[in-house]
2 protein chains.
Amino acid sequence: MKDNKKQKRILEVAEEEFLMKGFAGARTVEIAQKAGVSHSMLHYYYKTKEQLFEHVMGEKLQQLKESVATVFMIEDMPVVEKVVELVVRHFEFLSENPDLPRFIINEVIVRPEYAEMLKREALPILKDAVAWLQRELDAAAKEGEVRTMDAATLLMDIVSVNFFSFIVAPILSSVKPDMDFQAYYHARCQENVQLILNRINPDIK
Amino acid sequence: MKDNKKQKRILEVAEEEFLMKGFAGARTVEIAQKAGVSHSMLHYYYKTKEQLFEHVMGEKLQQLKESVATVFMIEDMPVVEKVVELVVRHFEFLSENPDLPRFIINEVIVRPEYAEMLKREALPILKDAVAWLQRELDAAAKEGEVRTMDAATLLMDIVSVNFFSFIVAPILSSVKPDMDFQAYYHARCQENVQLILNRINPDIK
DNA sequence: AAATTATTTAACATTTTTGTTCAACAAATT
DNA sequence: AATTTGTTGAACAAAAATGTTAAATAATTT
């Protein structure tokens, strides 16, 4: 086999385009053109736009799944540090995949079949992660290290502040064209860590 | 004039469709059909899909603008209560417009001309609001009522946790089909208030 | 070298979506 | 009553997007 450099290239460009514009907004001819292959080549490897999209979505969900596994694989350390590590890792994951969440959320809302896919792929592993975090938190709460709290809620807080940091980034930059992304991300990550630390702090409320 | 009930109806349905599916995903014939008017009627009032979309976007940005004004018009009370009020009002606004933010963010990212529109429409008033909040916070910080902090950051925290509560709601419900939205929203709002209160609490860190 | 696989070009077919036109009719306004 | 405005239907045109085909060539594998 020729190792299909072009096929890979098509998929790469398809990812970019679908992630930016969604299924409805992306154009197959544009994908082919940007990938530097002929229009027919695209259909040679992927019969339909839908099929191409499925591959992209499949890869992205896979990636999401792996990222959950990675993000949660934290060696032994005090639970507070673990939570900090969680926030930072999740933030880092997002900084490498800034428009993945927006993409998934949109497609899942617009096209129910992909809600199913998400449910199948990403959910079981996420449930395990929540259960793990809950055990950690409960144990630490008994020692008074953190306040008693729901792991799912904490996770949602983490995801929402991190996620939103990336959602607004392009808007902020359209407002301040000279904005320093590096600095922004750095500051935001710190802010988010701080916010989550307050959240689990046992001395409050 | 006949007071254009149908024209209004078209706009209503167009809002629903564009908000759910975005510009690229929405279909003019479907809009006409759901509005209970003929296909030709749609083009009679709105020459093109783009024009129809502009009306919707215009209205939505207007609404956003007004909501900012409303959300921030808080009578005299201690600043901590003001912040709580802010969170609750913003949450309420979102509960009435659950997919507005997602819509705006998407279109603004995909179509730069609407980033301009957003900048023109919503930004000046938001800047005022941030300035107001900053003054309030600074005054309160001097009295030790809240911790010294950046108003823009606090606002971003508020928006992100509230916003995300609504983003995930449809996903959660696809996971747990029997989920009680009412209860979920109520709990989430409380959680978000709590999170923000921790954030401004002067006794932490 | 032969066979297979990858790739292009360029035309074409199909489908989907948008937009137009026109004749007729209904409703409201003057 | 006459006129303007709203409305439909149905056909049609035009544009945009997807998908197909076949012939020719290049590259790779056997």
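Chain identifiers are assigned alphabetically (A, B, ...) following the order of the sequence lines, protein sequences preceding nucleic acid strands; residue numbering begins at 1 within each chain. Quick caveat: nothing in here was measured; it's all calculated off a predicted structure.
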Can you check the B/Leu42 CG to D/dG9 C1' distance for me, whole Å? 15 Å
Counterpart residues, side-chain contact (heavy atoms from CB on, under 4.5 Å), relative to A/Glu12 (two or more places apart): A/Arg9
Ring-face cation contact, B/Tyr45 with B/Lys6, 6.0 Å cut, 45° max: no
A/Tyr45 vs C/dT7: side-chain N/O to OP1/OP2 distance below 4.0 Å: yes
Holding to ring-ring contact (aromatic ring centres under 6.0 Å, His included), I want the full list of residues that pass it with A/Phe181, two or more places apart in sequence or in another chain. A/Tyr185
Between P of D/dT25 and NZ of A/Lys6, the distance in whole Å: 18 Å
Can you tell me if A/Tyr44 touches the phosphate of C/dT7, counting only side-chain N or O atoms and a distance under 4.0 Å to OP1 or OP2? no
Can you list the residues that meet the ring-ring contact (aromatic ring centres under 6.0 Å, His included) rule with B/Tyr44, with sequence neighbours excluded? none
Nearest-Å distance, CZ (B/Phe23) to P (D/dA16)? 12 Å
Tabulate below the donor-acceptor pairs under 3.5 Å that side-chain atoms of residues 52-59 of chain B make, not counting sequence neighbours, or state none.
none

Quick one: which protein N/O atoms are closer than 3.5 Å to N/O atoms of nucleotides 9-16 of chain C? Pair and distance per line, please.
from	atom 1	to	atom 2	distance (Å)
C/dT9	O4	A/Ser40	OG	3.0

Let me know the distance between NZ of A/Lys5 and C1' of D/dA27, rounded to the nearest Å. 11 Å
A/Glu17 atom CD is separated from D/dT18 atom P, nearest whole Å, by 11 Å
What is the separation between atom CZ on B/Arg9 and atom C1' on D/dT7, rounded to the nearest whole Å? 16 Å
Identify all side-chain donor-acceptor contacts of residues 73-91 of chain B below 3.5 Å with residues at least two apart in sequence or on another chain.
from	atom 1	to	atom 2	distance (Å)
B/Lys82	NZ	B/Glu136	OE1	2.9
B/Lys82	NZ	B/Glu136	OE2	3.3
B/Glu85	OE2	B/Arg89	NE	3.0
B/Glu85	OE2	B/Arg89	NH2	3.4
B/Arg89	NH1	B/Thr70	O	3.0
B/Arg89	NH1	B/Met73	O	2.8
B/His90	ND1	B/Asn162	ND2	2.9

